[in-house]
Amino acid sequence: MKHVYQLVTFALLSVFVSSQIRADEGMYPISEIAGLNLSQKGLQLTALEVFNPNATCLIDGICRVNGCTGSFVSPEGLIITNHHCAYRAIQSASSTQNDYLKDGFQAKTRETEIPAAGYTVRVTESFSDVSKPVLNVVKADMSFVDRSKAISRKRKLLEKQAEVDNPGMRAEVAEMFTGKTYVLFLYTYIKDVRLVFAPPSSIGNFGGDVDNWEWPRHTGDFSFMRAYVAPDGSTADYSTDNVPYKPKRFIQVARQGANEGDYVMLLGYPGRTARHKTSSFLSFEQDIRLPYIVDLYGRQITTMEKASQDDRAVALKLLSRIKSLANTEKRSRGQLKGLTRAKIVAKRSAEEQKLQAFIDADPARKAKYGHLLDSIDAVYQRMSETAAEEANFQNLRITSQLLRMAFTIYDAAQERQKPDLERESAYMERNFSQTVSRLKMIQKDLDLSVDQSLLAQLINQMQNDEMKVTELDGISLNDLYEKTKLQDPAFLQACLASDVEQLNANTDPFMQLIVKLYPRYLELRESSKAREGQLGLYYGELITVKQQFLDTNFVPDANGTLRLTFGTVRGYSPEDAVYKSPATTLSGVVAKTTGIAPFITPEKVLEMSAKQDFGPYLHPKLKDIPIAILYDTDTTGGNSGSPILNGKGELVGVNFDRAFEATINDFAWNTEYSRSIGVDIRYVLWITDKVYGAKHLIKEMGLN
Ligand code: ASP
């Protein structure tokens with residue numbers, strides 16, 4: 001498709017000049033690249049070669065792979081991303097006989113590439129500012145909940161219309177600045193994604209949760225996937241007739257990697273940050289939400305790990321979920337530590353005091369904005385009072401996968417009675433098939449005994465918290481789990497075809513339970529919308545006055561849209577007298593290998609390392625294979641799989657993590673402690689080529 005970019009000014013984002021760039025805000029929307037003066041930092045391409053609204057450019061080679069990022073590395077739709085991003089697909093394809101998580105996977109031919117159920121790939125095609133039409137629907141006398149609903153309805157309408165105008169494409173209205181700026185993005189949308197190559201977990205997840213969020217790191221966190229489309233190039237569900245997608249542009253892989261001191265930049269889809277939120281939000285995170293997550297997830301992980309320990313079939317259902325909870329649990333611990341250590345709440349509150357003084361200094365300004373910080377604070381105060389109860393209740397329906405299924409089925413029946421635009425987004429026509437396919441994946445990975453233990457645990461917790469849920473009075477979990485049929489695909493199908501009345505009469509105990517709990521979930525949904533409407537209004541105004549105060553431009557928080565960040569390969573000093581250098585080596589992998597999980601290394605790797613059989617992938621100075629590198633870019637979740645690009649725009653590594661101290665990036669970035677971690681391309685290529693002999697992929701990437 002032809003580019004239809006319309007340059008967006010993100011309202012507050014006019015053109016940057018390098019002296020204005022604030023080092024703490026580095027996830028730049030692509031519309032800002034031209035103003036960044038990157039040639040002074042080490043970029044050897046012109047800004048237009050990176051992003052050009054009217055011609056093919058570097059960003060055409062970048063894609064979003066579910067919640068991660070990937071790069072096209074061949075003209076035939078080959079994608080490189082992280083092992084942990086493909087993890088769910090590898091797990092789904094695995095069985096106790098063909099254990100690809102344990103042994104790795106390699107498709108020797110295109111025909112043997114495995115469909116990655118539930119995966120989609122997006123490529124950013126265009127964007128336009130729709131703040132005006134979105135905010136025009138807001139009326140002064142609207143209640144907060146109506147405000148929130150009106151904005152959401154308009155966003156859905158714009159998305160739907162854009163998809164009608166651009167058949168086959170995916171549209172999304174992203175909120176850039178809360179309550180203030182909205183941008184409509186159009187994506188090429190690919191629904192047939194396949195697994196091509198994955199190293200064994202002993203490489204792709206070496207160090208497991210022990211090393212996750214840590215530096216130094218020795219993980220080969222990469223995998224290859226491929227995007228497919230219909231023979232005419234249009235998007236299509238999986239079919240053997242489909243052909244590899246031909247990206248407008250692919251990213252050239254550069255065998256020489258990146259070394260200390262080199263300029264690097266990442267393009268990717270960072271998920272969420274909260275740098276424009278107030279100190280009261282940060283206090284809520286620090287005192288309430290994060291400790292709750294650490295506690296709840298910690299217990300759930302222990303239960304699931306126990307069940308998986310001696311039963312591989314059970315493990316193959318749970319590993320992906322365990323990994324994701326463990327990732328969030330440890331990140332939350334890092335954030336808690338960082339919030340306290342770097343005194344983030346106190347710093348933000350000091351900034352707010354200055355802002356308040358500025359507001360109060362002018363009567364007109366005071367009349368308009370004087371209440372904002374207090375009003376926002378009051379919202380979080382109220383949230384704190386009900387937080388434990390709300391969190392327990394919400395977690396009830398996602399902790400038990402059976403309750404999750406029952407909820408979705410019932411919610412779908414309720415919502416699908418409404419006109420499309422009035423529905424919760426998961427049940428709109430454009431999204432419903434994905435919702436159903438997610439339900440089927442949940443069903444495939446059900447383990448009733450683990451599900452029961454997790455539910456029992458949470459109900460216990462609710463009792464400890466003295467939370468009364470009368471709907472749960474007198475229920476027998478044994479009865480529930482013995483009598484349910486939700487694990488039966490035909491029953492799921494029948495439930496999905498039922499209307500509300502039929503579901504009300506359904507005798508499945510989980511359906512009956514959800515029917516009882518549902519009104520309370522609706523109340524919670526409404527109150528969360530009211531909160532969203534209120535905070536949206538206040539935050540929108542807060543940004544306006546903050547901009548007057550600081551007289552500078554801001555970068556919007558991460559929101560899953562395409563961003564660029566740049567920096568240098570460099571070490572750091574996490575604490576007094578400790579310096580960590582920015583590259584690890586294969587010798588380090590060998591030294592760390594104990595033979596006990598998660599520090600097991602495949603025999604072949606150990607042998608080739610002993611023989612120093614490195615081929616062209618040797619690091620000339622280190623005289624070894626480089627494994628991972630450290631650099632000071634500004635990244636968050638969603639940047640997983642982002643290409644690490646050198647000054648020529650070539651791929652020299654794949655981003656996969658951050659150092660423990662940098663988990664705090666989500667709230668505040670700092671040049672001292674914010675470090676991202678990526679796998680060096682030389683390790684990727686050595687594993688793919690020399691260790692597992694996937695020469696066809698090396699050739700496909702143009703690296704003979
Ligand atoms: N490993 C991280 C994640 O998956 C990537 C990051 O957040 O930097 O969330």
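Basis for what follows: all heavy atoms, side chains included, without hydrogens, waters or symmetry-related copies.
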> Do we see a donor-acceptor contact under 3.5 Å between the side chains of Asn212 and Lys323?
Replying inline: no

> Side chains of Asn639 and Ser642: donor-acceptor distance under 3.5 Å anywhere?
Replying inline: yes

> Could you give the distance from OH (Tyr87) to SG (Cys68), rounded to the nearest 0.5 Å?
Replying inline: 14.0 Å

>> I'd like to check Val605 versus Leu586 (side-chain heavy atoms, cut-off strictly below 4.5 Å). Are they in contact?
In response: yes

> Considering all heavy atoms of both residues, which atom of Ile627 and which atom of Arg217 are nearest to each other, and what is their separation?
Replying inline: CG2-O, 4.3 Å

> Have Gln286 and Thr340 got a donor and an acceptor in their side chains that come within less than 3.5 Å?
Replying inline: no

>> Could you tell me if Glu661 and Asn670 have a donor-acceptor pair between their side chains, going purely by distance under 3.5 Å?
In response: no

>> Tell me whether Asp632 contacts the main-chain N or O of Thr568 through its side chain, where contact means a donor paired with an acceptor under 3.5 Å.
In response: yes

> Does Glu352 come within less than 4.0 Å of Arg348, counting only side-chain N to carboxylate O?
Replying inline: no

> Can Gln300 and Thr399 be counted as having a side-chain donor-acceptor contact under 3.5 angstrom?
Replying inline: yes

>> If I compare all heavy atoms of Ile293 with all of Ser332, which pair ends up nearest, and what's the gap?
In response: CG2-OG, 3.6 Å

>> Using only atom types and a distance under 3.5 Å, with no angle test, would you say the side chain of Trp669 pairs donor to acceptor with the backbone of Ile664?
In response: no

> Hey, does Phe656 have a side-chain heavy atom less than 4.5 Å from the side chain of His83?
Replying inline: no

>> Looking at Asp411 and Arg525, is there a salt bridge between them, counting it only when a charged N and a carboxylate O are closer than 4.0 Å?
In response: yes

> Do the side chains of Pro626 and Thr584 get nearer than 4.5 Å, heavy atoms only?
Replying inline: no

> Okay, side chain of Thr273, backbone of Ala558: is any donor-acceptor separation there less than 3.5 Å?
Replying inline: yes

>> Looking at every non-hydrogen atom in both residues, tell me the closest pair between Phe72 and Cys63 and how far apart they are.
In response: CE1-CB, 3.8 Å

> Do Tyr292 and Asn392 have a side chain donor and acceptor closer than 3.5 Å?
Replying inline: yes

>> Can you give me the closest heavy-atom contact between Ile79 and Gly70, atom names plus distance?
In response: CG2-CA, 4.0 Å

>> Strictly distance-based, threshold 3.5 Å: is any side-chain N or O of Ser71 a donor or acceptor partner for the main-chain N or O of Val73?
In response: no

> Below 4.0 angstrom, N of the basic side chain to O of the carboxylate: do Asp557 and Arg275 qualify?
Replying inline: no

>> Checking Ser349 against Ser279 for the side chain to side chain donor-acceptor pair (under 3.5 Å) test, could you report, in this order, the C-alpha distance in whole Å, the side-chain angles of both residues, the deciding distance, and whether it holds?
In response: CA-CA 5 Å; Ser349 140; Ser279 59; 4.7 Å; no

> Which residue, Gln461, Glu329, Gln457, forms the side-chain hydrogen bond (donor to acceptor under 3.5 Å, both in side chains) with Arg299?
Replying inline: Gln461

>> Below 30° counts as parallel, above 60° as perpendicular, anything between as tilted: where do the rings of Tyr187 and Tyr269 land?
In response: tilted

> Would you say the side-chain atoms of Thr69 pair up with the backbone N or O of Gly638, donor to acceptor, closer than 3.5 Å?
Replying inline: yes

>> Between Asp445 and Gln401, is the side chain to side chain donor-acceptor pair (under 3.5 Å) condition met? List the steps.
In response: CA-CA 9 Å; Asp445 286 341; Gln401 301 300 289; over 6 Å; no

> Less than 4.0 Å between a side-chain N and a carboxylate O, is that true for Glu424 and Lys529?
Replying inline: yes

> Between Glu575 and Lys337, is the closest basic N to carboxylate O distance under 4.0 Å?
Replying inline: no

> Side chains of Thr408 and Thr435: does their closest heavy-atom pair fall under 4.5 Å?
Replying inline: yes

> salt bridge (Lys or Arg N to Asp or Glu O under 4.0 Å) between Lys347 and Glu351: does it pass, once the steps are laid out?
Replying inline: CA-CA 6 Å; Lys347 279 186 195 153; Glu351 286 165 16; over 6 Å; no

>> Check the orientation of Phe222 and Phe197. Use parallel for under 30°, tilted for 30 to 60°, and perpendicular for over 60°.
In response: parallel

>> salt bridge (Lys or Arg N to Asp or Glu O under 4.0 Å), that's the test. Do Arg321 and Asp447 meet it? Break it down for me.
In response: CA-CA 12 Å; Arg321 192 166 165 213; Asp447 182 280; over 6 Å; no

> Of all heavy-atom pairs between Asn259 and Asp262, which one has the smallest distance, and what is that distance?
Replying inline: N-OD2, 2.8 Å

> Does the ring-ring contact (aromatic ring centres under 6.0 Å, His included) test come out yes or no for Phe393 and Tyr521, once each step is laid out?
Replying inline: CA-CA 8 Å; Phe393 210 81; Tyr521 283 120; 4.7 Å; yes

> Is there a donor in the side chain of Thr565 and an acceptor in the side chain of Asp634, or the other way round, less than 3.5 Å apart?
Replying inline: no

>> Under the criterion side chain to side chain donor-acceptor pair (under 3.5 Å), I'd like the reasoning laid out for Ser400 against Arg404: C-alpha separation, chi angles, the key distance, then a yes or no.
In response: CA-CA 6 Å; Ser400 154; Arg404 184 195 280 259; over 6 Å; no

> Is any side-chain N of the basic residue among Arg658 and Glu214 closer than 4.0 Å to the acidic one's carboxylate O?
Replying inline: no

>> For the residue pair Thr219 / Asp221, report whether a side-chain donor-acceptor contact shorter than 3.5 Å exists.
In response: no

> With a 4.0 Å cut-off, would you call Glu172 and Arg155 a salt bridge?
Replying inline: no

>> For a quick test of reading the model, state the closest non-hydrogen atom pair linking Gly678 to Tyr631 and the distance between them.
In response: N-OH, 3.2 Å

>> Can you confirm whether the side chains of His84 and Ser640 place a donor and an acceptor under 3.5 Å from each other?
In response: yes

> What is the distance from atom CD of Glu532 to atom OG1 of Thr178, rounded to the nearest 0.5 Å?
Replying inline: 9.5 Å

>> Set out, in order, the CA-CA distance, both residues' side-chain angles and the distance that settles side chain to side chain donor-acceptor pair (under 3.5 Å) for Thr635 and Thr633, then state yes or no.
In response: CA-CA 6 Å; Thr635 58; Thr633 55; 4.7 Å; no

> Tell me, do Tyr539 and Glu175 make a side-chain contact under 4.5 Å, heavy atoms counted?
Replying inline: no

>> Has Thr663 got a side-chain atom pairing as donor or acceptor with Phe660's backbone, closer than 3.5 angstrom?
In response: yes

> Any salt bridge between Asp657 and Arg331, counting N to O under 4.0 Å?
Replying inline: no

>> Just to verify, what does Arg312 make a salt bridge (Lys or Arg N to Asp or Glu O under 4.0 Å) with, not counting sequence neighbours?
In response: Asp99

> Would you say Val679 and Ile629 make side-chain contact, with heavy atoms under 4.5 Å?
Replying inline: no

>> Under a 3.5 Å cutoff, is there a donor and acceptor pairing between the side chains of Asp666 and Gln335?
In response: yes

> Are Ile62 and Leu562 close enough that some pair of their side-chain heavy atoms sits under 4.5 Å apart?
Replying inline: yes

> Quick one: does Lys580's side chain have a donor or acceptor within less than 3.5 Å of a partner on Tyr572's backbone?
Replying inline: no

>> Side chains of Glu305 and Ile322, heavy atoms from C-beta outward: is any pair under 4.5 Å?
In response: yes

>> Can you see whether Phe407 has Arg397 sitting over its ring - NZ or CZ less than 6.0 Å from the centre and within 45° of the normal?
In response: yes

> Are Lys592 and Phe206 in a cation-pi contact, defined as NZ or CZ under 6.0 Å from the six-membered ring centre and within 45° of the axis?
Replying inline: no

>> Would the distance check show the side chain of Ser223 and the main-chain N or O of Asn82 forming a donor-acceptor pair, the cut-off being under 3.5 Å?
In response: yes

>> Main chain of Val684, side chain of Thr688: is a donor-acceptor contact present, judged purely on distance under 3.5 Å?
In response: yes

> Taking the side chain from Gln91 and the backbone from Leu101, do they hold a donor-acceptor pair closer than 3.5 Å?
Replying inline: no

